[in-house]
Amino acid sequence: MSAKGTPVSRERAGARATELRAQIERYNHRYYVLDDPEVTDAEYDRLFRELQALEAQYPELLTPDSPTQRVSGSVQEGRIPVRHAVPMLSIRTETDTESSGAATFDTRVRRELALREGAPPVEYACELKFDGLAINLRYEGGELRQAATRGDGETGEDVTANIRTIKAVPARLRGVSAPVVEVRGELFMRRDDFEKLNEQQRALIASGAKHEKTFVNPRNAAAGIVRQLDPAMTAKRPLSFFAYGLGEVRGWTIPATHSATLDALDAMGLPVSQERAVAAGAHGLIAFHQSIGARRDTLAFDIDGVVYKVNALALQKRLGFVTREPRWAVAHKYPAQEQTTEVVAIDIQVGRTGRLTPVAKLKPVFVGGTTVSNATLHNEGETRRKDVRVGDTVIVRRAGDVIPEVVAVVLEKRPPQVGEPFDLAQQLDGRCPVCSSRIEREEDSADWRCTGGLFCPAQRKQTLLHFAQRRALDIEGLGDKLVDQLVDGEIVRTPADLYGLGEAGLLELERMGEKSARNLLAALAKSRDTTLARFLFALGIRHVGEATARALAEHFGDLDPLMAAGAEEIERVSDVGPIVAASIHRFFQEQHNREVIEQLRQRGVRWPRADKPAAPADAPYARKTFVLTGTLESMTREAAQEHVLALGGKVSGSVSKKTDFVVAGADAGSKLAKAEALGVRVLSEREFLALLDGAAP
DNA sequence: TAGCCTCGAGTTCT
DNA sequence: CTCGAGGCTA
């Protein structure tokens with residue numbers, strides 16, 4: 001940008017530059033701190049360029065705190081250590097996950113202050129514990145002079161040039177020009193900024209950029225960016241900042257309470273989180289902890305807990321410090337949703353269909369409320385994409401959902417002697433880890449499979465467990481430990497063998513007393529009476545799950561017509577295409593399968609000739625699709641499903657615009673949210689019950 | 001033929 | 001719960 005038009009006088013230029021700086025600072029504040037832009041981006045750019053031009057024309061006008069210095073700036077050679085005038089202490093962390101952490105703190109504070117039983121509750125300032133990195137900003141005469149990382153608390157690193165490029169950090173304090181005001185706060189990245197940044201990075205990598213990489217999480221991104229040596233790079237990254245305290249202060253009166261200090265920081269133009277409160281006593285702390293905990297996922301940024309501080313400065317002074325931790329503050333963490341741990345091994349599991357699934361064996365970590373030691377890697381492609389190797393340090397997450405997942409590898413921590421990229425076939429030497437059969441991968445498929453079929457004990461075990469599961473023949477008491485013994489001892493090979501078990505044989509097994517043996521035999525006897533749909537599902541035909549089994553049962557009415565049917569005939573069943581039809585046909589052509597089925601029938605497995613007569617087409621909810629979510633008080637999900645089927649409706653697993661009703665129980669999650677987004681009719685449990693009772697929806 | 005929808009299969013921990 | 005893939009529909 002060049003200065004255009006008639007050359008302005010030096011004097012007028014100086015006045016204009018000052019004016020522009022003030023204006024740009026104000027816009028920055030509105031935009032980055034208040035989140036409420038005053039002018040359009042184009043107008044902002046215009047002013048910004050005008051200032052740049054003036055400074056280019058009159059270099060003597062250039063001041064270190066000019067907004068233009070936030071984007072250019074020179075590349076630093078290395079990091080300069082900075083000794084903090086007042087040490088940056090760490091706050092004690094309550095590790096427990098219950099709200100009792102708050103009560104413990106309150107009790108301790110009251111004891112230290114020697115408060116009597118009936119004394120009024122202590123007042124606390126509550127705020128968020130941001131998941132970022134702590135920074136000390138030193139303002140002298142109201143101007144930002146130095147920014148440093150926390151380091152070991154005594155000495156940090158100088159990151160002034162980088163921090164100057166962060167627009168949320170004001171270069172000048174509003175209304176305060178005291179000789180020294182040090183502001184402490186947290187530098188972090190918002191979740192949406194993080195997502196956007198990674199999207200850009202992925203695009204760069206896709207277009208062939210060599211040195212680019214995606215960031216693992218917002219915290220790592222923020223830390224990496226601040227310690228980056230080139231401020232111009234930092235300037236391009238979206239970092240945010242919240243102030244939460246003070247360091248050295250000279251010539252300015254510190255307010256009498258922490259909450260008032262935060263208000264004062266806010267008034268100086270520093271961003272201060274609005275998620276803060278003044279609470280009274282343990283009750284107030286617990287309420288704050290819970291209210292933030294409930295909204296944790298909806299915050300724009302990651303937090304790892306909340307912080308409680310005794311509000312009155314006078315009381316803080318009385319409480320003082322233990323070693324290097326203040327007695328007047330405590331961090332109360334939420335269970336971490338992410339943790340890092342080490343990959344001890346990559347095991348490969350064999351599923352019922354022979355699918356080979358790599359599973360990361362992890363050094364146990366406490367994540368999201370439980371200890372995690374395994375995490376699926378899904379398949380070879382996924383493992384390679386994430387480049388997970390034995391010995392790597394990985395980030396494990398248990399967000400909203402239940403199942404742990406390996407998010408990414410922390411490459412900086414990869415040991416030099418780490419192994420090769422994951423290669424499933426090579427690791428297994430081309431053979432099934434259980435039965436040594438050859439393994440293969442179908443074209444265009446992500447999965448390797450064991451070709452051993454039922455010869456493979458792993459597949460046999462899974463087949464038996466599938467047969468016995470609740471939604472199949474429901475054989476109570478037949479769990480994996482028992483199946484292991486039965487198969488390894490070659491007592492049972494096929495589901496039909498289960499019905500040939502006798503009490504004497506069972507008593508030979510470990511951990512099997514008379515009582516358990518009799519219970520199992522009773523469960524087996526009970527399971528003989530079933531339905532065709534359950535039986536078809538229990539067989540474990542590839543591509544035939546519960547829904548398809550039901551459709552087949554309804555269409556064919558009995559097993560024999562289905563066994564006799566050709567592939568084309570099977571394909572006439574709705575939702576069955578060529579692949580599924582062929583799979584079913586092949587299954588029944590297999591001699592071994594026919595034998596097992598025959599034996600099962602001989603041993604008394606039976607079902608009513610025709611499955612439950614289909615609800616008439618004019619049934620009140622014929623062909624209506626229901627989705628169940630959350631926990632119902634009055635019945636199990638299975639029972640609810642039965643009721644819907646009886647009405648002539650059907651139950652689906654996911655919400656789409658074709659869904660007619662979503663039944664929301666307690667703690668309904670994403671499905672409810674989706675239903676609301678799509679405008680799908682949502683029924684409460686009470687409304688659902690009324691509907692079952694025959695009332696109109 | 002693309003894109004949506006649904007189903008199947010696999011997974012974790014208490 | 002999620003992902004991949006099979007089936008259906010516009």
Side-chain angles (χ1 to χ4, degrees), chain A residues 97 335 339 341 347-362 364-383 385-386 396-407 441-450 458-459 461-463 465-466 469 471-472 479-480 533 536-552 570-584 587 623 625-630 637 641 650-660 667-674 678 680:
Chain A
T97 56
Q339 279 292 349
T341 187
D347 276 10
I348 292 156
Q349 291 181 357
V350 186
R352 172 168 62 88
T353 61
R355 194 164 120 174
L356 298 166
T357 309
V359 174
K361 296 281 157 185
L362 307 168
V365 265
F366 194 70
V367 176
T370 50
T371 305
V372 169
S373 45
N374 297 308
T376 178
L377 294 167
H378 299 294
N379 54 47
E380 183 180 59
E382 187 78 8
T383 313
R385 221 165 301 134
K386 290 179 178 162
V396 178
R397 174 170 37 192
R398 258 191 108 211
D401 54 347
V402 204
I403 293 164
E405 138 189 65
V406 170
V407 182
R441 177 157 57 174
E442 284 163 49
E443 217 168 317
D444 297 330
S445 164
D447 302 322
W448 285 90
R449 308 194 102 90
C450 159
Q459 293 187 56
K461 287 174 185 173
Q462 295 298 317
T463 301
L465 285 169
H466 175 77
Q469 71 155 289
R471 285 163 18 237
D480 54 355
L536 288 173
F537 174 59
L539 290 176
I541 304 166
R542 252 245 263 173
H543 303 301
V544 178
E546 261 188 300
T548 310
R550 239 190 327 263
L552 290 167
I570 300 173
E571 211 181 313
R572 269 186 238 135
V573 179
S574 64
D575 295 327
V576 172
I579 292 173
V580 177
S583 165
I584 297 166
F587 182 89
R623 292 198 305 277
T625 303
F626 288 71
V627 173
L628 307 173
T629 180
R637 231 175 231 228
Q641 179 166 345
K650 66 178 220 157
V651 173
S652 167
S654 52
V655 179
S656 71
K657 44 183 188 198
K658 290 198 175 173
T659 309
D660 297 294
D667 296 322
S670 60
K671 289 188 216 170
L672 176 58
K674 184 151 185 209
L678 290 173
V680 171

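Throughout, a chain's letter reflects where its sequence line sits, starting with A, and its residues are numbered from 1.
In this view, R441(A) and E380(A), W448(A) satisfy the side-chain contact (heavy atoms from CB on, under 4.5 Å) rule, not counting sequence neighbours. When the side-chain contact (heavy atoms from CB on, under 4.5 Å) test is applied to T659(A), the partners found at least two apart in sequence or on another chain are V627(A), V655(A), S656(A), V662(A), V680(A). The side-chain hydrogen bond (donor to acceptor under 3.5 Å, both in side chains) check on T376(A) picks up nothing, with sequence neighbours excluded. Judged as a side-chain hydrogen bond (donor to acceptor under 3.5 Å, both in side chains), and not counting sequence neighbours, D347(A) has no contacts. For H466(A), the ring-ring contact (aromatic ring centres under 6.0 Å, His included) test picks out F537(A), with sequence neighbours left out.
Taking side-chain N and O atoms only, N379(A) has no distance below 4.0 Å to OP1 or OP2 of dC3(C). Distances shorter than 4.0 Å separate none of the side-chain N or O atoms of R542(A) from OP1 or OP2 on dG8(B). For the OP1/OP2 pair of dT11(B) and a distance below 4.0 Å, the side-chain nitrogens and oxygens of Q349(A) include at least one atom meeting the criterion. Contact annotation: T371(A) does not reach the phosphate of dC13(B) (side-chain N/O to OP1 or OP2, under 4.0 Å).
If you take CG of L377(A) and P of dG10(B), they are 16 Å apart, rounded to a whole angstrom. If you take NE2 of H378(A) and P of dT12(B), they are 10 Å apart, rounded to a whole angstrom. Residue D480(A) contributes atom CG, which lies 13 Å from atom P of dC13(B) at whole-angstrom precision. What separates CG of D347(A) from P of dT11(B) is a distance of 12 Å, to the nearest Å. In this structure, the CD atom of E405(A) is 12 Å from the C1' atom of dT11(B), given to the nearest Å. Taking atom CD of E382(A) as the reference point, atom C1' of dC3(C) lies 9 Å away to the nearest angstrom. Computed from coordinates, the D447(A) CG to dA9(B) P distance equals 12 Å when rounded to whole Å. If you take CZ of R355(A) and C1' of dG10(B), they are 6 Å apart, rounded to a whole angstrom.
Comparing V359(A) and H543(A), the nucleotide of DNA chain B nearest to each residue sits closer to the 5' end for H543(A).
A donor-acceptor contact shorter than 3.5 Å is absent between the side chain of T371(A) and the backbone of P364(A). With R471(A) contributing its side chain and E546(A) its backbone, the two residues share no donor-acceptor pair below 3.5 Å.
With dT14(B), dC7(B), dG10(B) as the candidates, the nucleotide lying closest to the side chain of T357(A) is dG10(B). Relative to the side chain of S373(A), the nucleotides dC13(B), dG10(B), dT11(B) differ in distance, and dC13(B) lies closest. Relative to the side chain of T548(A), the nucleotides dC13(B), dG10(B), dC7(B) differ in distance, and dC7(B) lies closest. For T353(A), whose side chain is taken as the heavy atoms from C-beta onward, the closest listed nucleotide among dA9(B), dG8(B), dT11(B) is dA9(B).
Residues from residues 571-581 of chain A lying near DNA chain B, meaning a heavy-atom separation below 4.0 Å, are absent.
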